[in-house]
Amino acid sequence: MASSFRVCRMHMRGTGSLLKRIQIIDTCLQRRIVTNVVEPSNVLKNEENGEQEGWKAFDAIQLERQEQAERSVLISCHSKTNEKKFLKYLSIHGDIKNSFFYESYGTYAVVEFANQESIASLHEAVNLPVVSNESVVPFKSRLLSLRSLGAAVVPNSQTGPKCKPQATIPLTELIQRLSKEESIDHQVTSLMKAYQVTEENTRLRFLVCSLLKDIAAAYFPECNVRPFGSSVNGFGKLGCDLDMFLDLDGISGRNVAMPKAGLVLEYQMKRSNSERAVTQSILSVVGECVDRFGPGCVGVQKILNARCPLVRFSHQPSNFQCDLTANNRVAMKTSELLYLYGCLDGRVRGLVFAVRCWARVHSVTSSIPGAWISNFSLTVMVLFYLQRRATPLIPTLDHLRSLAGPADKSVIEGNDCTFVSDLSKIQPQDNTETLEQLLCGFFHFYSTFPFARKSINIRKGKEQTKPEVVPLHIQNPFEVSLNVSKNVNAAQLERFVALCQEGAWQLEQSATLTRGTGHAPSPWGLAALLVPAAGTPGIKGRKKRKREPASERIKSLLESLKNKI
């Protein structure tokens with residue numbers, strides 16, 4: 001169909017406006033093809049036939065996921081559990097809408113019932129554990145254990161249930177898979193399929209949040225615990241940390257109309273000097289409960305003096321590293337913004353996945369706190385680059401704000417977080433570049449970016465003069481006075497620039513290489529970019545590599561930059 005538009009285009013050179021419309025339609029078709037190759041895990045499916053329902057607003061998806069989680073339980077099972085008999089046993093409490101098994105510290109099953117009443121029925125049939133010489137805390141949650149009395153549940157089961165993967169494939173296997181692809185565009189698509197958060201992993205993330213809500217609700221009955229960041233913004237890698245926040249804004253009584261005269265009742269409450277002190281008190285108490293009473297929660301740390309106070313712990317049943325904050329509403333709006341950008345064009349998610357995977361392999365990013373560039377900062381850098389193309393791929397945040405309606409108005413703690421939430425109001429861009437062109441362009445763009453003088457700003461979509469003397473300045477999209485990359489030091493930024501120079505050279509060389517077609521073809525294109533450097537991380541270690549032309553290329557680029565300066 002797209003090719004037919006190109007044929008029509010040849011016969012209509014004289015009709016400029018009509019040609020422009022055809023180009024836009026053609027671009028939309030190309031985007032739709034790219035977008036449909038890899039389906040974001042945040043797009044819900046029709047439960048009856050598994051078909052995609054189409055794009056949904058961010059808030060609508062979060063609400064549906066939370067409702068799924070409230071109807072779900074997490075059950076520790078024997079590795080040889082007979083899946084059919086297991087589900088039949090649970091179905092006496094109500095219809096089961098969805099279920100899957102996975103492995104963490106043992107075998108676990110996530111079971112979603114069709115109705116909330118089934119959870120109450122199930123709780124009535126669950127026993128408290130009896131352990132000799134030990135005492136248990138009688139805290140009832142939806143994290144359960146299945147015991148087999150005799151052979152009632154696992155008769156003649158040799159292999160056990162089929163488990164859904166909850167971790168990415170090894171890097172060596174990924175490189176082999178990408179090396180067999182026909183183009184860099186296909187390599188990026190294959191990378192997303194292998195690395196993106198799956199439907200099952202997304203359900204598990206919301207379920208863990210729901211289990212934490214059960215603990216916090218003992219003190220705040222109307223609270224909610226919501227995931228944010230990579231778990232929901234569409235750019236999450238399978239196995240990434242679970243960031244969540246305790247949402248207390250939904251507690252009733254805040255906006256009750258006060259009568260002008262007469263009697264009125266108010267809750268008696270403790271008072272504090274600041275909202276930060278209140279947040280610290282709440283997280284301290286909830287963190288203590290998670291540590292003392294939360295089944296499966298280990299290694300609890302209360303980091304209350306950080307800029308954003310949090311509770312950090314490991315949830316063993318899901319194998320998630322969890323960070324719990326409170327009332328982090330700006331972070332939630334940021335997650336929604338990234339989700340919207342990812343939905344505008346399938347190439348956005350593809351490029352972010354490719355760049356973030358490359359960055360992790362070469363230690364540009366790290367899961368350990370330090371002077372590294374964070375995944376969020378790197379994602380903002382990709383978005384900024386796409387705004388700075390000769391033909392922009394995505395609009396600026398200010399443009400999205402100009403399209404917002406009254407319902408989109410959002411001011412959080414004095415920060416204007418307003419932007420349009422309806423995808424249909426955003427006109428598609430005319431950019432028709434391939435993922436290969438965009439990936440190569442990313443490395444070229446940042447290998448020559450004037451980091452010493454300029455700041456990155458996706459709100460304006462253009463370089464700004466640095467407001468402070470730091471190696472890397474990336475303005476927070478909503479809290480504009482914050483630099484999200486303030487932790488990055490000069491050495492790490494220099495590594496990033498040098499790696500971008502070498503990445504650009506490698507992609508240019510891939511155009512002249514013969515692509516392998518055997519069982520074990522040599523890495524090329526994106527696969528070559530993901531080959532780890534020999535020796536210790538850093539540019540000094542990379543000079544020991546045998547690829548001398550790359551080193552010479554870097555030297556010449558550095559010399560040309562010095563001459564320009």
Side-chain angles (χ1 to χ4, degrees), residues 35 40-43 55-63 65 196-197 202 226-236 240 243-245 247 249 308 325 327-353 355-356 374-388 392-429 455-462 464 474-485:
T35 305
S41 62
N42 286 330
V43 177
W55 181 86
K56 286 190 176 184
F58 183 81
D59 288 341
I61 289 180
Q62 304 312 298
L63 182 59
R65 293 293 190 192
Q196 70 178 352
V197 174
T202 300
R226 304 173 63 187
F228 68 93
S230 294
S231 297
V232 296
N233 63 23
F235 299 106
C240 64
D243 296 316
M244 48 191 167
F245 75 97
D247 187 0
D249 287 345
C308 183
T325 59
N327 280 351
N328 201 351
R329 292 165 289 169
V330 174
M332 199 67 189
K333 290 299 291 186
T334 304
S335 302
E336 181 180 356
L337 177 65
L338 296 187
Y339 169 77
L340 185 68
Y341 273 129
C343 290
L344 283 175
D345 193 298
R347 291 170 292 177
V348 177
R349 294 181 67 244
L351 189 61
V352 169
F353 266 91
V355 170
R356 281 170 55 157
S374 67
N375 275 327
F376 175 68
S377 295
L378 197 61
T379 302
V380 174
M381 293 174 78
V382 174
L383 298 178
F384 180 76
Y385 156 72
L386 294 177
Q387 292 173 339
R388 297 294 293 149
L393 189 71
I394 56 174
T396 65
L397 178 53
D398 277 350
H399 180 70
L400 295 180
R401 182 178 180 275
S402 68
L403 299 175
D408 297 318
K409 183 70 175 178
S410 176
V411 178
I412 302 173
E413 299 173 1
N415 302 298
D416 188 358
C417 302
T418 302
F419 59 89
V420 64
S421 59
D422 187 352
L423 195 67
S424 64
K425 294 182 180 179
I426 307 172
Q427 184 176 2
Q429 304 295 309
S455 169
I456 292 170
N457 183 351
I458 64 170
R459 180 172 284 278
K460 301 294 182 183
K462 58 184 179 181
Q464 305 282 298
I474 302 175
Q475 187 186 82
N476 187 295
F478 299 122
E479 297 176 277
V480 294
S481 62
L482 295 180
N483 173 17
V484 300
S485 57

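Throughout, residue positions are numbered sequentially from 1 according to the sequence presented.
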Check the side chains of Ser421 and Asp408 for a donor-acceptor pair under 3.5 angstrom, ignoring hydrogens and angles. yes

Below 4.5 Å, heavy atoms only, C-beta onward: do Asn483 and Asn476 meet side chain to side chain? no

Closest contact, heavy atoms only, Val484 versus Ser377: O-OG, 3.4 Å

Considering only heavy atoms from C-beta outward, does the side chain of Ile456 approach that of Met381 to under 4.5 Å? yes

Check whether any side-chain heavy atom of Cys417 lies under 4.5 Å from a side-chain heavy atom of Val411, and answer yes or no. no

Here the gap from Leu403 atom CG to Lys425 atom NZ, rounded to the nearest 0.5 Å, amounts to 8.5 Å

What distance do Gln429 atom CD and Ile426 atom CD1 have between them, rounded to the nearest 0.5 Å? 9.5 Å

Nearest heavy-atom approach of Phe245 to Asn327 is CD1-N, 3.7 Å

Gln387 side chain to Ile394 main-chain N or O, any donor-acceptor pair under 3.5 Å? no

Side-chain heavy atoms of Phe228 within contact of Thr334, under 4.5 Å: no

side-chain contact (heavy atoms from CB on, under 4.5 Å) evaluation trace for Gln475 with Lys460: CA-CA 10 Å; Gln475 187 186 82; Lys460 301 294 182 183; over 6 Å; no

Arg226 side chain near Met332 side chain, heavy-atom distance below 4.5 Å: yes

How long is the span from the CG atom in Leu340 to the CG atom in Leu344, to the nearest 0.5 Å? 5.0 Å

Answer with yes or no whether the side chains of Thr396 and Arg459 bring together a donor and an acceptor at under 3.5 Å. no

Rounded to the nearest 0.5 Å, what separates atom CZ in Arg356 from atom OG1 in Thr379? 4.0 Å

Are the side chains of Ile474 and Phe376 in contact, using a 4.5 Å heavy-atom criterion? no

Evaluate the side-chain contact (heavy atoms from CB on, under 4.5 Å) criterion for residues Arg65 and Thr202: first the C-alpha distance (whole Å), next the side-chain angles of each, then the deciding distance (0.1 Å), finally the verdict. CA-CA 8 Å; Arg65 293 293 190 192; Thr202 300; 3.7 Å; yes

Can you tell me how far apart CG (Asn233) and CG (Leu337) are? Round to the nearest 0.5 Å. 10.0 Å

Of the non-hydrogen atoms in Val352 and Phe235, which two are nearest, and what is the gap between them? CG1-CD2, 3.5 Å

Any Asn457 side-chain heavy atom under 4.5 Å of Leu397 side chain: no

I'd like to check the salt bridge (charged side-chain N to carboxylate O under 4.0 Å, His left out) partners of Glu479; sequence neighbours left out, ordered by chain and number. none

Walk me through whether Arg401 and Asp416 qualify under salt bridge (charged side-chain N to carboxylate O under 4.0 Å, His left out). CA-CA 9 Å; Arg401 182 178 180 275; Asp416 188 358; 2.6 Å; yes

So NZ of Lys333 and CD1 of Ile412: to nearest 0.5 Å the spacing works out to 6.5 Å

Walk me through it: do Asn328 and Cys308 pass the test side-chain contact (heavy atoms from CB on, under 4.5 Å)? CA-CA 8 Å; Asn328 201 351; Cys308 183; 3.8 Å; yes

If the plane angle is over 60° it's perpendicular, under 30° parallel, otherwise tilted; pick one for Tyr339 and Phe58. tilted

What's the shortest heavy-atom distance between Arg349 and Gln196, and which atoms? NH2-OE1, 3.0 Å

Determine, stepwise, if the pair Tyr385 / Leu351 fulfils side-chain contact (heavy atoms from CB on, under 4.5 Å). CA-CA 11 Å; Tyr385 156 72; Leu351 189 61; 3.8 Å; yes

Side chain to side chain, Phe419 and Ser410, heavy atoms closer than 4.5 Å: no

